[in-house]
Enquirer: 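So that we are looking at the same thing, I have put the structure below in structure tokens.
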Amino acid sequence: MDHRDHLALIRSAVRKAEVWAELGSGRGAFTLALAELLGAGGRIYSLDRDRKALRHQEGLLSARFPEVQVRYLAVDFTEPLALPLLDGILMANSLHFVRRKGALLKRLVAHIRPGGRFVLVEYNADRGNPWVPHPVAFPAWESLTAQAGLTATRKIGSYPSRFMGEIYAAESRKQPENGDGG
């Protein structure tokens, strides 16, 4: 996968000048795509436990997208987080490291404003391996999102994976407070 593929997977879920968090952002491949899509006025909270990876990201993003405000947080996204209300959360190839996803997902959804989006990029598989221990096939993701208070879950992109068949991107929405669906 390259930058164009990352953009294609998440493009339909991201709007200009929004506030997003990427959880488990690593060296920033999807953070770059998110920054490009958000553009001027966009804000990103980039979370990863690896400080070195975050420094790498900072070098890339400050050079390519100086108009996007990025806060780099060396934290574990499975712990309680101090984040503002977000327009969206992106988890790209990070949720498959979490065994018990339900409670975490509910806690994360609380950081999204009503009508906001949760975007997952994940292997479409039910069985893991040492590198991808707990993948979430799309049908299982649909069930998890419904339990966490997310609606309108849909696949927004896919990319072939020679190791696990397919990587997919899915978008879900946080139910608006008035319950009107959007």
Side-chain angles (χ1 to χ4, degrees), residues 1-78 81-97 104-105 107-122 141 145 148-159 167-177 181-182:
M1 290 180 79
D2 63 21
H3 184 67
R4 288 184 313 255
D5 300 317
H6 301 147
L7 286 168
L9 281 172
I10 66 172
R11 175 176 277 118
S12 68
V14 181
R15 312 286 176 270
K16 293 286 184 191
E18 291 184 321
V19 180
W20 280 68
E22 183 184 2
L23 310 181
S25 58
R27 292 176 53 88
F30 277 92
T31 318
L32 280 171
L34 190 56
E36 184 170 329
L37 295 169
L38 290 172
R43 290 188 354 225
I44 300 172
Y45 291 82
S46 180
L47 285 66
D48 201 277
R49 292 184 304 186
D50 184 341
R51 290 178 191 278
K52 186 176 178 182
L54 291 171
R55 283 193 299 274
H56 174 80
Q57 271 188 53
E58 189 171 7
L60 291 175
L61 272 92
S62 63
R64 287 185 63 184
F65 302 105
E67 71 282 4
V68 177
Q69 296 176 32
V70 184
R71 239 180 113 197
Y72 302 93
L73 303 171
V75 297
D76 180 344
F77 65 76
T78 65
L81 302 171
L83 291 171
L85 207 52
L86 303 163
D87 294 301
I89 288 178
L90 169 63
M91 292 189 81
N93 299 318
S94 56
L95 190 61
H96 57 238
F97 293 107
L104 171 65
L105 190 55
R107 196 167 66 241
L108 295 176
V109 167
H111 293 287
I112 301 173
R113 69 167 176 76
R117 290 155 324 276
F118 193 111
V119 174
L120 179 73
V121 177
E122 183 56 82
W141 179 244
T145 58
L150 295 168
T151 63
T153 297
R154 64 188 181 102
K155 219 188 243 196
I156 57 173
S158 64
Y159 191 85
I167 294 173
Y168 70 92
E171 173 190 17
S172 302
R173 294 193 173 268
K174 182 171 182 181
Q175 185 69 32
E177 290 175 351

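Computation of the quantities below employed the complete heavy-atom set of this structure, encompassing side-chain atoms and omitting hydrogens, waters and symmetry-equivalent molecules. Counting begins at 1 with the first residue of the sequence.
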Enquirer: Side chains of Val75 and Leu81, heavy atoms from C-beta outward: is any pair under 4.5 Å?
Expert: yes
Enquirer: Nearest 0.5 Å please: distance from the CG atom of Leu9 over to the NZ atom of Lys155.
Expert: 11.0 Å
Enquirer: Given Val70, which of Leu34, Leu61, Leu54 fulfils the side chain to side chain contact (heavy atoms under 4.5 Å, CB included) condition?
Expert: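 Going through Leu34, Leu61, Leu54 one by one, the side chain to side chain contact (heavy atoms under 4.5 Å, CB included) with Val70 is satisfied by Leu61 alone.
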Enquirer: Side-chain contact test, heavy atoms from C-beta onward, threshold under 4.5 Å: evaluate it for Ile89 versus Leu83 and give yes or no.
Expert: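 Answer no - side chains too far apart.
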Enquirer: Hey, is the main chain of Ser25 close enough, under 3.5 Å, to the side chain of Asp48 for a donor-acceptor pair?
Expert: yes
Enquirer: Evaluate the criterion side-chain contact (heavy atoms from CB on, under 4.5 Å) for residue pair Lys174 and Arg113; output intermediate values, then yes/no.
Expert: CA-CA 7 Å; Lys174 182 171 182 181; Arg113 69 167 176 76; over 6 Å; no
Enquirer: Nearest 0.5 Å, please: how far is OG1 in Thr153 from CZ in Arg173?
Expert: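 So the CZ of Arg173 and the OG1 of Thr153 are separated by 10.5 Å.
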Enquirer: For Ala13 versus Ile156, what's the shortest heavy-atom pair and its separation?
Expert: CB-CD1, 4.0 Å
Enquirer: Measure the CD-CZ distance between Glu36 and Arg11 for me, rounded to the nearest 0.5 Å.
Expert: 7.5 Å
Enquirer: Can a donor-acceptor pair be found, under 3.5 Å and without considering hydrogens, that links the side chain of Gln57 to the backbone of Gly26?
Expert: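 Checked: pair present.
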Enquirer: Find the distance between CE (Met1) and CZ (Phe30) and round it off to the nearest 0.5 Å.
Expert: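 Nearest 0.5 Å value for the CE-CZ distance: 4.0 Å.
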Enquirer: Minimum heavy-atom separation for Leu85 to Ala110, with atom names?
Expert: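 Scanning both residues completely, I find the closest heavy atoms to be CD1-O, 4.1 Å.
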Enquirer: If you define the side chain from C-beta out and look only at heavy atoms, does anything of Arg64 sit under 4.5 Å from His3?
Expert: yes
Enquirer: Check each of Leu86, Thr31, Val19 against Ile44 using the side chain to side chain contact (heavy atoms under 4.5 Å, CB included) test, and report the only one that passes.
Expert: Thr31
Enquirer: Could you check whether Arg117 pairs with Asp87 (Lys NZ or Arg NE/NH1/NH2 to Asp/Glu carboxylate O, under 4.0 Å)?
Expert: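 Salt bridge flag = no for Asp87 with Arg117.
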Enquirer: Does the gap between the ring centers of Phe118 and Trp141 come in under 6.0 Å?
Expert: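 Yes.
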Enquirer: Is Phe65 close to Leu38 at the side-chain level, that is, under 4.5 Å between some pair of heavy atoms?
Expert: no
Enquirer: Taking all non-hydrogen atoms of both residues, which atom of Thr145 and which atom of Ser172 are closest, and how far apart?
Expert: CG2-OG, 3.4 Å
Enquirer: If you define the side chain from C-beta out and look only at heavy atoms, does anything of Leu32 sit under 4.5 Å from His6?
Expert: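 They are not in side-chain contact.
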Enquirer: Would you give the length of the straight line joining atom CZ of Arg49 to atom OG1 of Thr78, rounded to the nearest 0.5 angstrom?
Expert: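 Going from CZ on Arg49 over to OG1 on Thr78, the span is 7.0 Å.
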Enquirer: Rounded at 0.5 Å granularity, tell me how far OG in Ser158 sits from CD1 in Ile167.
Expert: 10.0 Å
Enquirer: Any donor and acceptor pair, going by atom type alone, linking the side chain of Arg71 with main-chain N or O of Tyr45 inside 3.5 Å?
Expert: no
Enquirer: Treating Lys16 as the side-chain partner and Gly39 as the backbone partner, does any N or O pair qualify as donor plus acceptor under 3.5 Å?
Expert: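 No, the answer is negative, given that no donor and acceptor are paired below the 3.5 Å cut-off.
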Enquirer: Heavy-atom count check: over 12 atoms from other residues, nucleotides or ligands less than 6.0 Å from Arg27 CZ?
Expert: no
Enquirer: Report yes if the side chains of Phe77 and Leu104 come closer than 4.5 Å at any heavy-atom pair, otherwise no.
Expert: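 Yes, at least one pair of side-chain atoms sits under 4.5 Å.
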Enquirer: Just by distance, with hydrogens left out, do Ser12 and Glu171 show a side-chain donor and acceptor under 3.5 Å apart?
Expert: no
Enquirer: Find out whether Tyr168 and Leu120 are in side-chain contact, i.e. whether some heavy atom of one side chain is under 4.5 Å from a heavy atom of the other.
Expert: yes
Enquirer: Please check: side-chain N/O of Ser94 versus main-chain N/O of Leu23, any donor-acceptor pairing under 3.5 Å?
Expert: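 Yes, because the side chain of Ser94 sits within donor-acceptor range (under 3.5 Å) of the backbone of Leu23.
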